[in-house]
Amino acid sequence: MVNNKKSFFEKVYKVVNKIPYGKVSTYGAIANCLGRKGSARMVGWAMNASHSMESIIPAHRVVNRNGMLTGKHHFFSPERMQSMLEQEGITIKEDKIINFKLHFWDPSIELNQ
DNA sequence: TGATTGACCAACT
DNA sequence: CAGTTGGCCAATC
C-alpha cells in the first residue's frame, strides 16, 4: 500500500522521534527493529546527519548497547546530552547510563501498537 | 567509480 | 579475556 522502500534514515528518524520522555534506546535495537541487524552503524550515521537537518531528532536518547554515551561528542555540546538525559530522570555516571535497562525503550513497542 | 569510513553489535579465534 | 572479522547502508575521498 504504500511506500515501504524508504531510506533507512527516514525510518530511523521516525522511530527515534517516537521515543517517549524519560526513555532511551539503542542503535542495535532500532536497526534490528527496522529489519537490519548490522545496520546499527547506519543509525549513528542518521543521527550525525540529523544535525544538519532541520528535523528535530532526540538523538540524546539514543546510546549504544552498553548504555554508554558514545556519541555525546557529536552533539552540539557533549555536556548537553548528559544534561538532557539527567533532566528526564536518567542517571549518568562516567558517560554511561545507570539502570540503563530500566530506561531502555524498545522501538518494537511503538511499531507493534 | 572503487575504496574507505562511520555515534555499532555479535560471533568467532 | 582480548583482539579480529563479518555485516549492514549511506556518504565521502
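It should be emphasised that the depicted structure is a prediction, and the values quoted were computed from it without experimental measurement. A note on names: the letters A, B, ... follow the listed sequences, proteins ahead of strands, and every chain is numbered from 1.
- Within 6.0 Å of NE2 on A:H73 lie no more than 12 heavy atoms contributed by other residues, nucleotides or ligands.
- Contact check on A:K23 versus A:E88 returns no salt bridge, with no Lys/Arg side-chain nitrogen under 4.0 Å from an Asp/Glu carboxylate oxygen.
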Atom pairs, N/O to N/O, protein against nucleotides 9-13 of chain C, distance under 3.5 Å?
unit_1, atom_1, unit_2, atom_2, d
C:dC9, OP1, A:R36, NE, 3.4

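- Grouping the Ile, Leu, Val, Met, Phe, Trp and Tyr side chains by contacts below 4.5 angstrom, directly or via other members, places A:I90 apart from A:M84.
- The number of heavy-atom neighbours closer than 6.0 Å to NZ of A:K14, taken from other residues, nucleotides and ligands shown, is 12 or below.
- In this entry the distance linking CG of A:N64 with C1' of B:dC8 reads 8 Å, nearest Å.
- Remark: the backbone N or O of A:A29 is paired with a side-chain donor or acceptor of A:T26 at under 3.5 angstrom.
- Listed for the A:Y13 side chain is a donor-acceptor partner under 3.5 Å among the backbone atoms of A:A46.
- Atom name P, nucleotides C:dA2 and B:dA7: the rounded distance is 24 Å, in whole Å.
- Against DNA chain C, the stretch residues 71-87 of chain A makes no heavy-atom approach under 4.0 Å.
- A:M47 has its CE atom 18 Å from the P atom of B:dG6, to the nearest Å.
- To the nearest angstrom, C1' of B:dG6 lies 8 Å from CG of A:N48.
- Under a hydrophobic-cluster definition in which Ile, Leu, Val, Met, Phe, Trp and Tyr are linked whenever side-chain heavy atoms come within less than 4.5 Å, directly or via other members, A:I19 and A:F8 are assigned to the same cluster.
- Taking 3.5 Å as the limit, the base of B:dA7 and the side chain of A:H51 contain a donor-acceptor pair of atoms between them.
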